[in-house]
Amino acid sequence: AITITEPSPSSFWVQNQTNTISWTFASGDPNPISIVIVNSNNTFLNGEYSIHEFVDLSNGSFTVTNVTLLVASGYQVEFVNTTNLTQVFATSQTFDVKAPGTSGTATSPSTTGSSGSGSSGSGSATGSSTSGSSTSTSSGGSNLNGAVGLSMGLSMGAVMGSVGMGLVGMLFVL
């Protein structure tokens, strides 16, 4: 049986950062699957939010780049049938999406950079660093049930998180 191990209540996601979905599976489990995010509170997410389709379970994890979900609690990852999105194979525990700059136990891989200094920093402007055995990346998704589009590829928030406010300050000084 497929078990989604991350994210979880103790392994949150950070908005506008790269975050990871991890799982275990057994031989004979449906493969490939599609990954969606849900939240029972439609104030934060109205319907399913597609992360990626046709994900091979043998990868064991999937990296989601530039997570632009609203900061909130109660999110869950679902693995669903690629041809019938109402058929759910696995559901994660609930997890939170925290504000950029939040530290603690997150499923987000670390990046280097100096937030706010503007003079040093080696973070990736696309926020596409990866960790572990992850081989897939996603730069967005599509909304399946009319929810507000939450992914914009390269977002200003990802740039600010990777490079820091210093560059913006330098632009105004010049």
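Reckoned from all heavy atoms, side chains included, excluding hydrogens, waters and symmetry mates. Small disclaimer: the values here were computed from a predicted structure and weren't measured.
Shortest non-hydrogen contact noted between Ser34 and Leu85 is CB-CD2, 4.4 Å. Across all their heavy atoms, Ala26 and Asp29 have their closest contact at N-OD2, 2.7 Å. Taking every heavy atom of both residues into account, Ser50 and Val36 meet most closely at CA-CG1, 4.0 Å. When all heavy atoms are compared, the tightest approach of Ile2 to Phe89 is CD1-CB, 4.0 Å.
Contacts of Ser27 classified as side-chain hydrogen bond (donor to acceptor under 3.5 Å, both in side chains), with partners at least two apart in sequence or in another chain: none. The side-chain hydrogen bond (donor to acceptor under 3.5 Å, both in side chains) test applied to Ser40 returns no partner, not counting sequence neighbours. Listed by chain and residue number, Asn39, Thr43, Phe44 satisfy the side chain to side chain contact (heavy atoms under 4.5 Å, CB included) test with Asn41 (two or more places apart in sequence, or in another chain). Scanning for side chain to side chain contact (heavy atoms under 4.5 Å, CB included) contacts around Ala99 gives Val71, Thr102, with sequence neighbours left out. Scored by the side-chain hydrogen bond (donor to acceptor under 3.5 Å, both in side chains) test, Asn42 finds no partners at all (sequence neighbours excluded).
With rounding to the nearest 0.5 Å, the separation of OG1 in Thr3 from CZ in Phe25 is 11.5 Å. To the nearest 0.5 Å, atoms NE2 (His52) and OG1 (Thr63) are separated by 11.0 Å. For the atom pair OG1 (Thr18) and CG (Asn66), the distance works out to 6.0 Å, reported to the nearest 0.5 Å.
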Decide yes or no on side-chain contact (heavy atoms from CB on, under 4.5 Å) for Val77 and Ile37, but give the supporting numbers first.
CA-CA 5 Å; Val77 172; Ile37 302 290; 3.5 Å; yes
Trace of the side-chain contact (heavy atoms from CB on, under 4.5 Å) decision for Phe95 with Asn19 = CA-CA 12 Å; Phe95 66 97; Asn19 295 275; over 6 Å; no
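Between the side chain of Gln15 and the backbone N or O of Leu69 there is at least one donor-acceptor pair closer than 3.5 Å. A donor-acceptor contact shorter than 3.5 Å links the side chain of Thr5 to the backbone of Ser22. Counting only distance, with no hydrogens or angles, the side chain of Trp23 and the backbone of Leu57 share a donor-acceptor pair below 3.5 Å.
When side chains are defined from C-beta on, Leu45 does not count as touching Leu70, because their heavy atoms never get closer than 4.5 Å. At a threshold of 4.5 Å between non-hydrogen side-chain atoms, the residues Phe79 and Ile35 count as touching. When side chains are defined from C-beta on, Glu53 does not count as touching Thr82, because their heavy atoms never get closer than 4.5 Å. Residues Trp13 and Ile21 meet the side-chain proximity criterion, which asks for heavy atoms closer than 4.5 Å.
Sequence neighbours left out, the pairs with a member in residues 89-99 that pass side-chain hydrogen bond (donor to acceptor under 3.5 Å, both in side chains) are Ser73-Asp96.
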